[in-house]
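What follows is one structure encoded as structure tokens, with my remarks underneath.
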Amino acid sequence: MATDRELKEIGHDEFDPVGTLTLITVYFLILVGMWVLTYFVEFLGNGPTVVG
Amino acid sequence: MTSEELPGEELFLDRFPDEAQVVRASLWSAFVALGIGALAGIVQALHRVGYVRFIDSADYYTVLTLHGVLLVISFTIFFLVGLFTWAVTRSLDRPVENIRFTWAWYLTMVAGTVLAGVAILGGFVDSIPISADVLFTFYAPLQAHPLFYAGLAVFIIGTWLAGFDWFRSWWIWRSENDGRIPLQTFMVLTSMLMWYIATIGVAISVVFFLLPWSLGIIDQVNPLLTRTLFWYFGHPVVYFWLMPAYLLWYTVLPSISGGRLFSDPLARVVFVLFLILSTPVGIHHQYLDPGIAEGFKFIAMTNTMFLLLPSLLTAFTVVASMEHGARQRGGEGYLSWLGALPWRDPAFTGMALAGLMFAAGGFSGMVNAGMNINYLIHNTLWVPGHFHLTVGTAVALTFMAATYWLLPQLTRRRLYSRTIGLFQVVMWFVGMVLMSNAMHRAGLVGIPRRTAEPQYDGFAFDAGLSSVAELDAQVAIGGTLLFVSVVLFLGNLIISLLEDPMEGTVDRSLPPALSGPEDSPEVLDNLSLWVAIALLLVLLAYSLPIGAIVADGGLFGPGTESYPVVLSWLEVVT
Amino acid sequence: MSGRISRAGLLVILAFLVPVIVEFRTLAALFGVSLSVGQYLVAVTGLVMAVLLAVTAWNLRAGTTADDHTGGA
Amino acid sequence: MNVHTYEKIWLVASLFLIVGFIATVVYGAAGAGIAMVDASGGTVDSTSLSENERFGEPGVERVGDGEYEVTVVARQFMYQPDPIRVPADSRVTFYVTSADVIHGFQVVGTNVNTMVIPGQVAKITVDFDEPAEYGIICNEYCGQGHHDMEGKLVVVPEDEYGGDDA
């Protein structure tokens with residue numbers, strides 16, 4: 001079952017989650033893009049709107 | 001401290017046989033609710049799009065109430081109490097203090113569910129004047145049979161007693177041990193403190209207003225007040241569903257990935273933030289309510305936006321823990337390490353896909369939180385599109401995946417088929433992508449939620465770039481895949497239990513965090529401090545709005561009647 | 001990455017393609033391209049084939065390193 | 001506390017995101033002029049709407065140059081008046097309340113959407129620039145006939161607008 005040959009111990013100080021940083025940066029960009037699209041195009045681009 | 005290993009590789013079942021029985025009973029209660037709730041779900045999805053219709057549109061709302069209550073109350077919370085019992089017992093490594101008390105709260109919860117369930121199911125039978133077609137939100141003056149409210153109250157009392165059980169274990173553990181609260185117990189305790197604060201709202205609403213009113217003791221209620229009290233509870237309850245999933249992502253998922261939790265201190269910070277911020281946000285469900293000043297809505301929005309923080313932090317910590325596993329398994333590069341993750345394991349793949357869907361649900365939640373953009377999406381299909389990603393996938397799929405992992409240590413049975421398990425979790429993901437994508441898009445063009453009919457007489461919805469028919473097809477196909485996925489899950493589980501007990505044991509120890517509790521400030525474990533701050537924020541967010549609602553409309557409302565949703569009493573259907 | 005993409009990994013990759021496939025027409029329309037149903041089917045079939053080819057190529061390149069078998073623990 | 005540099009970066013980015021969201025909403029309110037429905041409509045006794053000065057006769061009323069007030073009563077399972085007719089290029093203030101349970105009032109395909117709660121008056125002002133026909137739906141479950149509850153809002157060209165009687 002186990003694949004011992006591949007398993008190695010990586011401690012706290014030798015681990016830089018660079019992959020996580022990559023993924024989360026992509027997520028950040030998606031969030032900002034989708035927010036701008038939804039708020040400014042879908043919402044503010046739609047009308048009429050409640051103004052008072 | 002975070003993850004004391006069971007001595008040797010003893011199964012939870014062997015070390016804590018009585019507790020394992022309670023955990024199994026709770027999980028089975030959850031799965032019965034899941035099965036019935038899923039059945040209601042497919043009936044609804046196919047009726048709503050007009051594909052398969054064998055119920056009357058008036059009965060759609062009975063089905064919807066059943067679907068909502070069973071899945072978001074019974075399924076989630078029964079799973080929660082089972083999981084929390086497992087987590088407290090194993091992380092403190094001590095049995096519950098009194099197993100009869102433990103069974104008592106479990107049975108109280110069952111009794112509450114049965115009472116409310118009878119009231120809801122009565123809605124299908126015209127000759128029985130019992131019904132509760134009030135949906136999960138039960139807004140007055142729609143009125144359910146008193147059994148519904150009583151059942152809800154009994155169920156919640158059961159959860160309170162369960163919380164007491166876990167606190168008692170911790171109090172006694174503390175008198176015998178030094179040091180930090182073990183992480184899993186910390187998560188359980190903070191979640192329960194949040195729950196105690198949150199349920200004050202629904203308890204007041206049910207005990208002082210809705211139950212006496214449904215019994216005829218008081219004539220009328222203030223609909224805005226009971227609605228506000230509902231949402232006081234109604235938002236934190238979504239975090240109550242989510243916290244067990246978080247507990248699994250923080251403490252189990254890293255281990256399944258072959259790694260260790262990246263940071264124990266940040267996990268604690270996240271749970272403390274949830275305890276503090278989950279409740280003073282409920283008014284964000286009422287952005288479009290008359291009778292609440294814009295300033296109060298703005299305060300609720302600010303709190304809600306900051307409540308994003310713990311989830312965003314979780315995204316980093318959990319993904320980093322998975323990455324740690326992947327790298328220990330030989331993964332390399334910026335993204336190719338993802339290939340080194342154990343995708344064959346349904347427990348891993350299920351939780352990872354659930355987390356991914358939660359990231360997508362996070363986005364639609366951010367839109368829901370944005371005060372004025374609610375004019376666009378409030379009460380449209382966008383909203384169920386959102387929460388089918390959160391509670392419907394982040395929570396439900398994580399629970400199913402975790403069940404695959406928990407099964408051997410609770411039942412001494414191996415999962416019958418890992419392949420079916422893998423297909424099941426992937427099928428859930430695909431089904432939900434289709435369904436929730438269509439719901440979000442339908443919401444943007446104004447198609448409402450909670451309605452039995454796909455179209456109206458006087459106008460047609462304009463679906464812009466695609467067509468309403470295409471969106472309906474996505475909902476129908478997605479809903480069907482989800483239902484099949486639940487059937488596969490339950491079937492796989494039942495067959496596993498029919499198999500012979502396995503020999504030997506499985507390693508279910510949880511390795512300690514990379515950055516352990518010793519790195520975190522002691523103050524994080526000062527639960528009274530966080531409760532005090534949480535209560536203060538609740539007072540700040542709610543005392544003025546509730547004061548204004550009562551001042552304007554009176555405690556029992558400015559004049560309303562009751563509208564029992566009972567077939568034989570109400571002759572309204574046109 | 002050294003390893004091959006397992007069948008389970010392929011399943012997950014294909015699952016990720018689903019949202020792209022179902023919204024392919026909408027995506028195209030957003031860029032001003034309107035696809036007929038026939039063109040749409042050809043396009044998404046091509047997309048799936050491309051992914052399958054890419055995975056095969058990757059696995060050939062990576063050689064015969066065994067799939068990971070760990071899980072559950 | 002031992003927080004990894006990348007995680008600190010993410011924390012800052014998250015806070016940036018949160019502040020950015022709040023700033024966008026503030027821009028929508030202050031810049032684009034979107035107002036939330038609030039308590040300014042006051043309360044009303046929903047059991048005696050017929051005797052109420054405003055809600056006794058739901059309908060459209062011209063209150064100024066290009067300014068109209070529309071009084072709407074939502075009840076199981078209809079809106080009064082229906083259809084609502086207003087002229088284009090007008091500023092219309094809706095006063096919506098419920099005679100029975102909680103309803104919704106959503107002008108489909110627009111950003112006009114409010115809850116209708118018995119005892120409360122939802123007051124919302126909307127500018128209608130162009131002639132159009134909209135559906136109005138109840139988007140809050142209100143009983144077994146909920147899906148039948150719809151209305152119509154017709155914005156007619158100014159020169160075709162006959163009177164105030166909708």
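The chains referred to below are lettered A, B, ... by the order of the sequence lines, with proteins before strands, and numbering in each begins at 1.
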Locate the shortest heavy-atom distance separating [X] from [Y]; write the atom from each residue and the value.
X        : Y        : result
D/Trp10  : B/Leu313 : NE1-N, 4.0 Å
D/Gln120 : B/Pro290 : CB-CG, 3.9 Å
D/Glu7   : B/Thr317 : OE2-OG1, 2.8 Å
B/Phe262 : D/His4   : CZ-CB, 3.7 Å

Contacting moiety of [X], where chain D heavy atoms sit under 4.5 Å:
X        : result
B/Met366 : side chain
B/Ser515 : side chain
B/Phe296 : neither
B/Asp519 : both
B/Ile373 : neither
B/Ala140 : backbone

Exceeds 12 heavy-atom contacts within 6.0 angstrom, atom CG of D/Asp65: no
Please check if the number of heavy atoms outside D/Glu57 that lie under 6.0 Å from its CD is greater than 12. no
In terms of heavy-atom pairs under 4.5 Å, which option from [options] contacts chain D the most?
options                                : result
B/Glu294, B/Glu518, B/Lys297           : B/Glu294
B/Asn374, B/Thr302, B/Thr451, B/Asn222 : B/Thr451
B/Thr62, B/Thr137, B/Ile292            : B/Ile292
B/Gly446, B/Pro141, B/Pro448           : B/Pro141
B/Asp552, B/Val445, B/Leu309, B/Leu376 : B/Leu309

With a 4.5 Å limit on heavy-atom distance, are the side chains of [X] and [Y] in contact?
X        : Y        : result
D/Val3   : B/Leu266 : yes
D/Ile102 : B/Leu142 : no
D/Val26  : B/Phe298 : yes
D/Gln76  : B/Tyr563 : yes
B/Thr380 : D/Asn139 : no

Short question: side chain of [X], backbone of [Y] - any donor-acceptor pair under 3.5 Å?
X        : Y        : result
D/Ser14  : B/Leu312 : no
B/Asn372 : D/Val25  : yes
D/Glu150 : B/Asp457 : yes
D/Tyr141 : B/Arg449 : no

Tell me, side chain or backbone of [X] under 4.5 Å from chain B's heavy atoms, or both, or neither?
X        : result
D/Tyr134 : neither
D/Val108 : side chain
D/Thr110 : backbone
D/Thr114 : both
D/Val107 : neither

Working to the nearest 0.5 Å, report the span between [atom1] of [X] and [atom2] of [Y].
X        : Y        : atom1 : atom2 : value
B/Tyr139 : D/Met115 : OH    : CE    : 6.0 Å
B/Asn379 : D/Gln106 : CG    : CD    : 8.0 Å
D/His146 : B/Leu64  : NE2   : CG    : 9.5 Å
D/Ile117 : B/Leu224 : CD1   : CG    : 4.5 Å
B/Tyr61  : D/Cys142 : OH    : SG    : 7.5 Å
B/Phe306 : D/Phe21  : CZ    : CZ    : 12.0 Å

Chain B contacts, top residue of [options] (heavy-atom pairs, under 4.5 Å):
options                              : answer
D/Ile136, D/Val116, D/Thr47, D/Val44 : D/Thr47
D/Val112, D/Thr97, D/Ile22, D/Val121 : D/Ile22
D/Leu15, D/Ile124, D/Asn111          : D/Asn111
D/Gly119, D/Ser46, D/Ala13, D/Ala29  : D/Ser46
D/Thr24, D/Val101, D/Thr43           : D/Val101

Donor-acceptor pairs under 3.5 Å, side chain of residues 30-42 of chain D to any protein atom, not counting sequence neighbours: which ones?
unit_1	atom_1	unit_2	atom_2	d
D/Asp38	OD1	D/Ser40	N	2.9
D/Asp38	OD1	D/Ser40	OG	2.6

